[in-house]
Amino acid sequence: LQAKLPNGQYLIPSAVGSSNNAAQANILNGAADTSLIGTSIFKGDQADASLDFNATANDHMTAKYYYQHTPAISPFGGSNTLGFPENEDSGAQVASLNNSITIGNNINWEQRIGFSRQKVYSSFSQALSASDVGISVPGGNYFPGITMSSFGYHGSNSTVLNLGPNSDFVDQGYFQNRFSPSSNAIFTLGHHTVSVGFNFDYTQLNIRNDRVGHAEISTRNFADFLQGNLEGSGTVLEGVANRHYRTDDAGAFIQDKWQFRPTISITAGLRYDFNGPFREANGLMFNFDPSRYKASPSAIVNSGFIVAGNNKQYGTPGVSDSTLKGRQWGFAPRVGIAWSPKRFHNKIVWRAGAGIYYNRGEYFQYLSPPAGNGISGPFGVTQEAPFAAFTYADGNLSQPFTSIRKPTTPADIASTLPTLDQQEKDCTAMNIYNYITVSGYGCEDIPAIIGNYNINNVLPYSENWTLD
């Protein structure tokens with residue numbers, strides 16, 4: 001309560017009003033008892049450039065570039081008091097280089113290389129550190145996010161005071177880079193127009209999660225706050241929470257448009273797609289392989305929990321860098337026909353077609369558990385066992401965490417799973433989720449609820465049939 005910001009202002013301002021009675025009335029009515037004024041700042045910078053160059057009459061080059069940077073600062077992004085502004089850094093860049101060459105009267109060849117970069121990163125500044133107010137936080141000296149329930153008074157109208165960077169997304173964001181070369185050629189051969197081409201995409205998706213060492217704690221009411229008593233919902237994250245995902249995508253096609261009659265054209269083609277699965281540069285990927293799971297009535301022989309093969313410490317023998325086994329490629333035939341009846345003098349065209357179209361199956365958001373299971377949300381996969389672990393508050397306001405739960409190992413996960421006997425005695429997923437202890441077995445000891453992309457999933461596709 002006596003802590004002051006660098007400008008001399010109290011961290012927690014005193015209640016104000018035209019009189020003491022007015023201030024008390026505000027508190028009892030659940031209204032704000034003081035007002036703080038801060039300035040939100042948004043800045044947007046954009047730039048673009050392009051260049052067209054005719055090397056020869058048949059050789060044309062184009063270069064394009066676009067830049068955007070939109071940082072924003074919010075003084076009350078996660079805190080109801082000054083001193084902990086949220087800084088959001090977002091931006092994008094796109095560049096392309098294109099070359100088009102005409103060879104004779106029958107061939108047109110185009111080459112292109114593109115690059116794109118996107119970033120969004122949210123971080124909190126702190127005018128005070130944890131030690132400045134007598135709080136000890138493991139893993140750093142970051143001021144914790146503190147939720148002070150019923151801070152004005154203990155009643156239904158009392159408001160909540162959030163102090164410090166109080167958010168599940170403290171110092172988190174992503175940075176994505178993509179390199180995309182491609183080439184296409186069109187050949188005119190009599191009544192046939194043949195198109196061939198290929199494309200390749202190399203993507204870097206870097207998840208920056210600096211939440212490690214940033215604690216969240218809470219107090220039930222003002223009396224508990226004065227006594228340093230905490231509610232049991234506080235957490236702090238330890239372990240490795242950054243990820244560096246990589247994917248390779250490739251495609252190739254051939255297509256022939258045949259002018260069968262002056263009024264009828266038939267187009268047929270075949271496309272190959274490979275949408276490469278995610279792999280993590282340091283092998284920080286895991287999954288569940290049901291074919292490996294083995295259990296006896298009294299023990300778990302194999303948990304089925306696998307770690308990417310490129311993980312130097314815990315890699316599971318025989319497992320790929322992505323952990324996936326399902327086919328992530330496919331061939332997609334397509335056919336179409338167009339007819340313009342002569343009687344309508346080219347004013348009406350009938351079209352029909354059918355084809356298969358492949359789509360990426362695995363996305364980053366599929367790797368995290370669904371919302372509501374504790375470790376969840378878009379960054380949930382970076383905060384799960386075995387590479388990271390949450391410790392729950394068990395101390396007081398000055399030392400919220402008396403011990404730290406270190407990240408587990410894949411072998412530890414097997415040792416804590418329920419045996420067949422325990423499963424038969426209602427140690428079900430629902431009981432695990434609700435922390436119900438069955439026959440002396442603590443279902444809550446299950447180390448984590450993990451999100452995963454099924455290792456046997458194959459590349460999904462859709463069929464498209466058209467008539468217009």
Side-chain angles (χ1 to χ4, degrees), residues 60 62 94 96-116 178-203 247-278 322 324-344 346-366 453-454 456-468:
H60 180 70
T62 303
V94 181
S96 67
L97 183 63
N98 187 81
N99 179 225
S100 179
I101 301 175
T102 301
I103 303 174
N105 296 322
N106 300 324
I107 301 176
N108 183 265
W109 181 27
E110 183 181 51
Q111 311 98 50
R112 177 178 299 164
I113 183 169
F115 168 77
S116 64
R178 175 170 291 171
F179 301 88
S180 305
S182 64
S183 182
N184 304 291
I186 300 176
F187 305 84
T188 302
L189 306 170
H191 295 293
H192 295 267
T193 301
V194 179
S195 302
V196 296
F198 78 90
N199 66 278
F200 177 77
D201 294 301
Y202 171 69
T203 303
T247 64
D248 297 313
D249 299 330
F253 72 91
I254 182 170
Q255 174 183 290
D256 180 21
K257 180 181 179 182
W258 177 29
Q259 197 65 44
F260 177 66
R261 291 286 186 271
T263 58
I264 300 175
S265 65
I266 300 173
T267 302
L270 179 66
R271 180 175 176 85
Y272 168 82
D273 282 302
F274 171 75
N275 289 336
F278 279 108
S322 69
L324 301 188
K325 297 193 296 185
R327 173 177 54 81
Q328 302 302 306
W329 55 269
F331 288 95
R334 299 168 190 176
V335 63
I337 185 171
W339 174 45
S340 179
K342 185 180 296 185
R343 72 181 67 178
F344 296 113
N346 297 323
K347 294 182 179 180
I348 294 179
V349 178
W350 290 93
R351 295 184 180 89
I356 291 176
Y357 297 81
Y358 281 93
N359 305 284
R360 164 161 283 280
E362 184 184 28
Y363 290 93
F364 171 68
Q365 60 265 38
Y366 295 169
Y453 185 71
N454 193 308
N456 296 312
N457 281 353
V458 298
L459 196 65
Y461 69 90
S462 59
E463 295 182 12
N464 191 353
W465 301 78
T466 61
L467 175 63
D468 59 65

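Predicted, not measured: the structure shown is a model, and the values here were computed from it.
When the shell of 6.0 Å around CZ of Arg360 is examined, it contains more than 12 heavy atoms from other residues, nucleotides or ligands. The number of heavy-atom neighbours closer than 6.0 Å to CZ of Phe274, taken from other residues, nucleotides and ligands shown, is above 12. More than 12 heavy atoms of other residues, nucleotides or ligands sit less than 6.0 Å from atom NE2 of His192. For Asn346, the CG atom counts as loosely surrounded, since its 6.0 Å shell holds 12 or fewer non-hydrogen atoms of other residues, nucleotides or ligands.
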Before giving the answer on side chain to side chain contact (heavy atoms under 4.5 Å, CB included), spell out for Leu459 and Tyr461 the whole-Å C-alpha distance, their side-chain angles and the decisive distance to 0.1 Å.
-> CA-CA 7 Å; Leu459 196 65; Tyr461 69 90; over 6 Å; no
Apply the test side chain to side chain contact (heavy atoms under 4.5 Å, CB included) to residues Asn275 and Gln328: give CA-CA distance (whole Å), side-chain angles for both, the deciding distance (0.1 Å), then the verdict.
-> CA-CA 6 Å; Asn275 289 336; Gln328 302 302 306; 5.7 Å; no
Verdict with supporting geometry, Thr466 and Arg351, side chain to side chain contact (heavy atoms under 4.5 Å, CB included) | CA-CA 8 Å; Thr466 61; Arg351 295 184 180 89; over 6 Å; no
Dump the intermediate steps for side chain to side chain contact (heavy atoms under 4.5 Å, CB included) on Tyr357 and Arg271, then the final yes or no.
-> CA-CA 9 Å; Tyr357 297 81; Arg271 180 175 176 85; over 6 Å; no
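With values rounded to the nearest 0.5 angstrom, Ile264 atom CD1 is found 14.0 Å from Trp350 atom CH2. Rounded to the nearest 0.5 angstrom, Glu110 CD and Thr102 OG1 are separated by 10.5 Å. Taken to the nearest 0.5 Å, the CZ atom of Phe253 stands 11.0 Å off from the CG atom of Asp273. Within the model, atoms OG1 of Thr203 and CZ of Phe179 stand 9.5 Å from one another, a figure rounded to the nearest 0.5 Å. Here the CD1-CH2 distance, from Ile186 to Trp109, works out to 14.0 Å after rounding to the nearest 0.5 Å. Atom CZ of residue Arg178 and atom OG1 of residue Thr247 lie 6.5 Å apart, to the nearest 0.5 angstrom.
You'll find the side chain of Asn199 stays beyond 4.5 Å of the side chain of Ser180, heavy atoms only.
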